[in-house]
Amino acid sequence: MHRWSRTLIPTARDAPADAELPSHIFLTRAGYIRKVGSGVYDYLPLAKRVLSKIETIVREEMDGAGASEMLVPHIVPIELYKGTKRDEDYGDLLMRFTDRHGRDAALGPTHEEIVTEMLKGSVNSYKQLPVNVYQIQTKFRDEFRPRAGLLRGREFIMKDAYSFHLAVEGEGGLNETYDAMYSAYENIFRRCGLDFSIVEAEAGPIGGSASHEFMVNCATGEDTIMVCPASGYAANVEKCETGERAYSFASAPARDLATHHTPKMPGIDGVAEHLGTTPAGMLKTIVMQPVEPEECGPKWVLAVVRGDHDVNEGKVRDAVGFAVEMGDEKSAREAGFSIGYVSPRSAISIPDCLLVVDPDATSPEGEGGTWATGSDKPDHHDTGFNWTRDLGAELPEPGTVSPDKTVLGDSVKVADIRNALAGDPSPRSPGATLEAKRGIEVGHIFKLGTKYSEAFDFSVLDKDQKKQAVIMGCYGIGVSRTMAACVEMSHDDNGIIWPAPVAPYHALICLVKPEDEASRTACDQIADDLSSRGVDVLIDDRKERPGVKFKDADLIGIPIRITIGPKTLEKGGAEVKRRREEGFGEVVESGDVSDRVFALLSSR
RNA sequence: CGGGGUGUAGCGCAGCUUGGUAGCGCGUCUCGUUCGGGACGAGAAGGUCGGAGGUUCGAAUCCUCUCACCCCGACCA
């Protein structure tokens, strides 16, 4: 139980000019957070209470799922990152500094390395596996452009867990823990009162294979996710598959190939306008190359998508069977590519090329059967390009492309290689189409594999006395971001509306007239009653006008407001109102208030 | 890292073009009247105008350098 006059809740009528999103505006105005520097915030008492409640839920579910809490240093010697090259991969995101002895260190952006080191030093038998350890700690990532308050700060609070296994499958295997974490995360976010989606995701710079993201559904979210309403399939845009799409190269050309001079037109929009077409009437040909050229056939991979679509590197990788990256511009020019003006014909004229075409880039929609494309010479584009007439190579027969199928031609493949879009066919439910939604990522679980254990030479002897690299998983939750996401998801024009499980207090007693003896007596009795039943109570005992108190009550968003004043006492008790309800609440007899509050809290 | 912008009282802003010794609203403090949805009146406190250098009799204002912060893009938990 706290009294407003004795704690620190500096509410403000105006938000700082740079606050744009509701979570940033309200958390600041309601006295939860205060900016200290770019992307760095104070957590004031109200915020700390919310964070603690989220952390408690996290701890209960993590412990319940067999994980053990620990804590590693915030500061990590830079050598640990060199082992995995993440000092380079993270680049400037890694906040580095040098101590008085000239030793380089970093503020941990996440702690795979240091935890792997820790386990390596303490686990050397398969009998000690599996193990799953976690911590809740401040992380630091030196974002170039922090924004949106707590949603993308530089310093943030994160729960990160790391599991270690001898095998992927079976009892004690990675998948078992991964599944346990999956359901623990579902429990955590459900208990936090969040509306969320679970989506399939690429692994990102952290490395590894399978992963899922937990996204709070929210229109202001920074991430786009694709969902199939029929099957429940959901994935982030980078990962999202599309359903079967038909393709055919066999359209009859209605016009001849013609070359146009298109100097100094960087964007595809500008070129399309100049040629009298739209980006959807053009082909975009991206020159890519294998990451490890020695281990695969072709030197170059040309990915062709429609002009208004985006090539997806991961999908190209899956289609060709080896990892690819954007082609190095210098060596691509040396090989003969007119970067910026490449057409699919370069795949035929330049040796060692593999051509991969997205179904939507085969036969154009509408009349004409031809595309606008690059001319394979600087400052020129062609119109009237027709695959069968103008490519000069054998093309695959018409058919369909589904996520698990790649159609092979001699030197031409057709495959899903672009980012999914709203309206695309669902990969899981024939006839349904994908929808795009926005979300805020609050949790992410990865199957890491052996990337870190191999880098740190962390292996154990198995039953057959064979040395085996330990298999890892890692599981993160943005704790401070979860707090902000709650506000993004649940607020109105007047302020925050906390879900009860994470609210800083369950009930706010608004003393209309704190100097009134009878009010104070009733208030103390009700507060004691509630506290003894485990309800967190904040008493607004400030000598303020009622209007100010009600405005502040709405701002800070405590789920239940109990108003006590001479008028309510006259009517026999106190007014009880939910934050999410408008107007006046109901007057409840003083002795019944705690029962009433308890009932409201239990009914959500 | 590209493009744009802003630094003046705790918060929001004006003043800068055309140099003359700093102002408004909110908040804070005192007194009085008010008292269930951000009251009213009277009074008060609070600023090396981001920093350094320069021009000038005189700089918040003009010039140079610097630092910080923000927005869009790229990137990203």
Any base atoms under 4.0 Å from [X], or only sugar-phosphate, or nothing? Heavy atoms, all strands.
{"X": "Arg34(A)", "result": "nothing"}
{"X": "Lys159(A)", "result": "nothing"}
{"X": "Ala553(A)", "result": "nothing"}
{"X": "Glu143(A)", "result": "base"}
{"X": "Glu575(A)", "result": "base"}

Of the listed nucleotides [options], the one nearest the side chain of [X]:
{"X": "His444(A)", "options": "rG36(B), rG37(B), rA77(B)", "result": "rA77(B)"}
{"X": "Phe550(A)", "options": "rG38(B), rG37(B), rU34(B)", "result": "rG37(B)"}
{"X": "Arg13(A)", "options": "rG27(B), rG12(B), rU28(B)", "result": "rG27(B)"}
{"X": "Glu544(A)", "options": "rG36(B), rU28(B), rA77(B)", "result": "rU28(B)"}

In whole angstrom, give the distance that lies between atom [atom1] of [X] and atom [atom2] of [N].
{"X": "Asp310(A)", "N": "rC75(B)", "atom1": "CG", "atom2": "C1'", "answer": "15 Å"}
{"X": "Ile54(A)", "N": "rA77(B)", "atom1": "CD1", "atom2": "C1'", "answer": "15 Å"}
{"X": "Asp14(A)", "N": "rC24(B)", "atom1": "CG", "atom2": "P", "answer": "18 Å"}
{"X": "Lys35(A)", "N": "rC70(B)", "atom1": "NZ", "atom2": "C1'", "answer": "7 Å"}
{"X": "Met215(A)", "N": "rC76(B)", "atom1": "CE", "atom2": "P", "answer": "14 Å"}
{"X": "Asp552(A)", "N": "rC26(B)", "atom1": "CG", "atom2": "C1'", "answer": "14 Å"}
{"X": "Lys549(A)", "N": "rA39(B)", "atom1": "NZ", "atom2": "P", "answer": "13 Å"}
{"X": "Glu441(A)", "N": "rC76(B)", "atom1": "CD", "atom2": "C1'", "answer": "10 Å"}

Under a 3.5 Å cut-off for both contacts, is [N] paired Watson-Crick or G-U wobble with anything, and if yes, with which nucleotide?
{"N": "rA44(B)", "result": "rU28(B)"}
{"N": "rA22(B)", "result": "none"}
{"N": "rU64(B)", "result": "rA52(B)"}
{"N": "rA14(B)", "result": "none"}
{"N": "rG73(B)", "result": "rC1(B)"}

In whole Å, what separates the [atom1] atom of [N] from that of [M]?
{"N": "rU48(B)", "M": "rA60(B)", "atom1": "P", "answer": "13 Å"}
{"N": "rC63(B)", "M": "rC76(B)", "atom1": "P", "answer": "40 Å"}
{"N": "rG46(B)", "M": "rG10(B)", "atom1": "C1'", "answer": "10 Å"}
{"N": "rC31(B)", "M": "rG36(B)", "atom1": "P", "answer": "22 Å"}
{"N": "rG15(B)", "M": "rG20(B)", "atom1": "C1'", "answer": "14 Å"}
{"N": "rA77(B)", "M": "rA59(B)", "atom1": "C1'", "answer": "48 Å"}
{"N": "rG27(B)", "M": "rA68(B)", "atom1": "P", "answer": "34 Å"}
{"N": "rG12(B)", "M": "rC71(B)", "atom1": "P", "answer": "13 Å"}

Residue met sooner reading RNA chain B from 5', once Pro146(A) and Leu555(A) are mapped to nucleotides: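 So the residue in question is Leu555(A).
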Upstream residue (5' side of RNA chain B) when Gly153(A) and Arg542(A) are each assigned their closest nucleotide: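 The residue closer to the strand's 5' end, by nearest nucleotide, is Arg542(A).
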Polar side-chain atom of Thr521(A) near backbone of Glu517(A) as donor-acceptor pair, under 3.5 Å: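 Checked: pair present.
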Test item: Arg141(A) side-chain N/O and Pro109(A) main-chain N/O as donor-acceptor pair under 3.5 Å: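 Indeed, once roles are kept as given, a pair shorter than 3.5 Å links the two residues.
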hbond_proxy Arg29(A) side chain to rG38(B) base (donor-acceptor, 3.5 Å cutoff):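 When only heavy-atom distances are counted, Arg29(A) does reach the base of rG38(B) through a donor-acceptor pair under 3.5 Å.
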Within less than 4.0 Å of OP1 or OP2 of [N], is there a side-chain N or O belonging to [X]?
{"X": "Arg545(A)", "N": "rG38(B)", "result": "no"}
{"X": "Lys567(A)", "N": "rC35(B)", "result": "no"}
{"X": "Arg152(A)", "N": "rC76(B)", "result": "no"}
{"X": "Ser38(A)", "N": "rA68(B)", "result": "no"}

Glu575(A) with Lys567(A): basic N within carboxylate O range, under 4.0 Å: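 No, this pair does not count.
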Exercise: do Thr110(A) and Asp160(A) side chains pair donor with acceptor under 3.5 Å: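 Asp160(A) and Thr110(A) do not have a side-chain donor-acceptor pair below 3.5 Å.
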Asn217(A) versus Asp195(A), side-chain donor and acceptor atoms under 3.5 Å: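 Side-chain D/A pair, Asp195(A) to Asn217(A): present.
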Other residues, nucleotides, ligands: >12 heavy atoms within 6.0 Å of Glu582(A) CD: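 No, the 6.0 Å shell around CD holds no more than 12 heavy atoms from other groups.
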Cation over ring face, Lys35(A) and Tyr41(A), 6.0 Å, 45°: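 Judged by the rule, Lys35(A) and Tyr41(A) form no cation-pi pair.
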Closest contact, heavy atoms only, Gly573(A) versus Val587(A):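 Of all heavy-atom pairs spanning Gly573(A) and Val587(A), the closest is N-CG1, 4.2 Å.
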